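One structure below.
Computed from a predicted model, the values in this text were never measured in an experiment. Count residues from 1 along the sequence. Remember, it's 1-based here, ligands and their atoms both numbered in the order they're listed.
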Amino acid sequence: MNESFTLRGVTFQNRVFTASGTFGYGDETTGLVNVNKLGGIITKSLSLKPRDGNPAPRIAETASGMLNSIGLANIGVQHFIDEKLPTLRSLSTKVIANIAASSIDEYCAVAEALEPFAEIAGYEINVSCPNVKEGGLNFGTDPNQVARIARELRRRTEKILIVKLTPNVTHISEFARACEAEGMDAVSAVNTLIGMAVNIHTRKPKLSSTTGGLSGPAIKPVALAKVYELTRAVKIPVIGIGGIATWEDAVEFLLVGASAVQVGTANFISPATGVTIAEGIRAYCASHGFADVDAIVGALIAEKNRSVIDSWL
Ligand code: RRO
């Protein structure tokens, strides 16, 4: 069974990645799960300087999901290089560094700091954090800004560049087209949906930042429709994310055309979810007589009554 997937000459052993922000920096779960069975690990977003993030409470449980307003808390790129990279060096799975910033210069500076390290296979550019005022969605909801960030990064690195898109826009395909035009290797979709929850007894929002990012099974149908739109709009690979908790969920994303998937919120239930999902995809392909997982990518049987999304493209 061939499960591998290649991006810009880098081959990932399978198509299941852990999503940014749900698997630390890749070094915390090494005793809990055999991370070498994953296609890859995507780190928590790294900014140039360390950040404390938003005040608590910054997590709230919702029906079939959760809200977060972490606010880009992270150790900063230099601390990551000094303290985390040595552990990651010993892993055979590939590591993608997720980068977040509040200016184009900062995106470039974080990437440049990581450039010398061969253990970083590439970068996932976060233009879609819903929880910081500067950067994040200010970039990710403007296709011209996304194009500028992509252009500047492409000039600075030959490594893999993936742009992580927000679902908090009307036509996500516009953003993917901008990424494709600027030489991005893939897009990943979706980051969290802006959401809110209220404590009716205190009459206050459940999150200190009022709104946060909704993730988990609650968002899977929305994510799947966004991925469907993207795979019809661009030729570059689309990596599907959003509420994937089982191998069946992952197969749905592959069928609508995702070349790979990321597992996020489900890691908080079990950090081994990604490994279990990779095994399930393999067993599904074997039981249907497919020798390569690629055979199910985009293998959705189209309906005659096309989706409203098709009329946008
Ligand atoms: O740190 C966060 O609050 C956060 C980030 Br950077 C992101 O990209 N998505 C999200 O839901 N939360």
*Which part of M66 is near ligand 1, with near meaning a heavy atom under 4.0 Å away: side chain, backbone, both or neither?*
neither
_S69 N/O under 3.5 Å from ligand 1 N/O_ = no
_With a cutoff of 4.0 Å, is K164 in contact with ligand 1, counting heavy atoms of the residue only?_
no
*Which protein non-hydrogen atom lies closest to atom 9 (N) of ligand 1, naming both residue and atom, and how far is it?*
N191 OD1, 2.9 Å
*Residues in side chain to side chain contact (heavy atoms under 4.5 Å, CB included) with R51, at least two apart?*
S47, L72, N74, V132, E134
*Flag the pair R156 and E112 as a salt bridge only when some basic side-chain nitrogen lies within less than 4.0 angstrom of an acidic carboxylate oxygen.*
yes
_Treating R15 as the side-chain partner and S259 as the backbone partner, does any N or O pair qualify as donor plus acceptor under 3.5 Å?_
yes
Quick one: side chains of residues 193-201, donor-acceptor pairs under 3.5 Å with protein atoms, not counting sequence neighbours, listed by atom name and distance.
residue, atom, partner, partner atom, Å
N199, OD1, H201, N, 2.8
N199, OD1, T202, N, 3.2

*Counting only heavy atoms, which portion of N131 has something under 4.0 Å from ligand 1: side chain, backbone, both, or neither?*
side chain
*Starting from atom 4 (C) of ligand 1, which protein heavy atom do you reach first, and at what distance in Å?*
C129 SG, 3.6 Å
*Does at least one non-hydrogen atom of P130 fall below 4.0 angstrom from an atom of ligand 1?*
yes
*Pick from N98, I75, I70: which one makes a side chain to side chain contact (heavy atoms under 4.5 Å, CB included) with K44?*
I70
